[in-house]
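Values in this document were obtained by computation on a predicted structure and should not be read as measured data.
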Amino acid sequence: MKMKQTILALVLFASVLLCGCSTEFTPDSSEYFDAISKAQAIIVLPSDTSEVRETITGEKEIKNFMTALKPERWELQGIPAAARKTGLLRFVQEETRKLWQPGNSTGMYDVCSITVYDVPYIELEIAGTELPFKISRESSDYLKKYF
């Protein structure tokens, strides 16, 4: 799994470098959607507390959640300085059990996380890389209902 994360980080880094001279960078959101959609749960953590507010589970619920985010409309843009964090979404999945490992479960690990702001921006942290995105107003309003 570490190898996949390393490759993904390199691909993202190379994409940013190759498009660095462009005035507008629109990443292929399918890369992010594929990684995020592998999650088996989304843990909702408001920024004003350390307690889990909600855990979204189920393949259909996660797919509906991602559809509402409209990742195909994300624009890579810096977060405004005045923006305040409203919460964090942790996308987790169970580690793949290897044949030689004893027991039923090896635990959950983060696939990625999304920091949600009070403005229509998010920060996607995936494979150790933080990417700030401007999102649609509809997606921002959808996320605000969780916090």
Side-chain angles (χ1 to χ4, degrees), residues 1-97 105-147:
M1 192 51 63
K2 291 278 188 193
M3 183 64 146
K4 286 183 183 179
Q5 290 175 342
T6 302
I7 290 171
L8 180 61
L10 290 173
V11 168
L12 291 174
F13 182 70
S15 297
V16 171
L17 285 179
L18 292 174
C19 296
C21 297
S22 174
T23 57
E24 185 177 335
F25 173 62
T26 306
D28 179 10
S29 61
S30 65
E31 292 177 41
Y32 311 121
F33 184 79
D34 289 343
I36 294 171
S37 64
K38 292 178 183 175
Q40 294 171 317
I42 303 170
I43 300 170
V44 179
L45 299 160
S47 61
D48 60 351
T49 180
S50 61
E51 292 186 29
V52 174
R53 171 155 301 158
E54 184 175 349
T55 301
I56 302 165
T57 58
E59 189 176 325
K60 182 178 179 183
E61 289 80 10
I62 292 171
K63 185 175 182 176
N64 290 342
F65 184 91
M66 285 308 300
T67 300
L69 286 184
K70 300 176 180 19
E72 68 278 1
R73 295 178 58 193
W74 294 359
E75 297 176 38
L76 192 62
Q77 269 187 31
I79 308 291
R84 292 187 333 256
K85 294 179 183 180
T86 57
L88 180 72
L89 301 166
R90 289 183 46 222
F91 294 75
V92 297
Q93 80 175 49
E94 191 173 5
E95 287 190 43
T96 304
R97 188 171 163 262
S105 176
T106 57
M108 301 291 269
Y109 73 96
D110 286 2
V111 174
C112 68
S113 65
I114 293 178
T115 302
V116 180
Y117 291 87
D118 61 343
V119 292
Y121 286 82
I122 60 169
E123 186 171 66
L124 172 68
E125 200 249 307
I126 188 165
T129 303
E130 294 176 353
L131 300 165
F133 289 97
K134 181 175 184 179
I135 61 174
S136 69
R137 176 64 63 188
E138 299 92 359
S139 296
S140 179
D141 292 342
Y142 176 79
L143 289 173
K144 285 179 184 177
K145 75 177 189 175
Y146 287 99
F147 303 104

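- Across Ala83 and Val119, no two heavy atoms sit closer than the pair CB-CG2, 3.6 Å.
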For side-chain contact (heavy atoms from CB on, under 4.5 Å), just list the numbers for Val44 and Thr55, CA-CA rounded to whole Å, side-chain angles, deciding distance to a tenth of an Å, and then say yes or no. CA-CA 6 Å; Val44 179; Thr55 301; over 6 Å; no
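- Between Ile56 atom CD1 and Met66 atom CE the span is 11.0 Å, to the nearest 0.5 Å.
- With rounding to the nearest 0.5 Å, the separation of OG1 in Thr57 from CD1 in Ile62 is 7.0 Å.
- Applying the salt bridge (charged side-chain N to carboxylate O under 4.0 Å, His left out) definition to pairs two or more places apart or across chains, none involves residues 121-131.
- Lys63 contributes atom NZ, which lies 10.5 Å from atom NZ of Lys60 (distance to the nearest 0.5 angstrom).
- For Tyr117 against Lys85, the heavy-atom pair with the smallest separation is CE2-CG, 3.5 Å.
- A donor-acceptor pair is defined here as one N or O able to donate and one able to accept, closer than 3.5 Å; no such pair exists between the side chain of Ser113 and the backbone of Arg90.
- Each of Leu69, Leu131, Ile126, Leu88 was checked for a side-chain contact (heavy atoms from CB on, under 4.5 Å) with Ile114, and the lone residue meeting it is Leu69.
- Tyr121 and Gln77 are linked by a side-chain donor-acceptor pair at a separation below 3.5 angstrom, with hydrogens and angles left out of the test.
- Separating the NZ atom in Lys134 from the OG atom in Ser139 is a distance of 12.5 Å, to the nearest 0.5 Å.
- Using a 4.5 Å heavy-atom cutoff, the side chains of Ile135 and Leu143 are in contact.
- Side-chain contact between Thr86 and Pro46 is absent, with no heavy atoms from C-beta onward closer than 4.5 Å.
- Shortest non-hydrogen contact noted between Pro120 and Ser140 is CA-OG, 3.6 Å.
- Rounding to the nearest 0.5 Å gives a distance of 8.5 Å between OG1 of Thr67 and CD of Glu72.
- Distance CD1/Ile43 to CD/Glu54: 11.5 Å, rounded to 0.5 Å.
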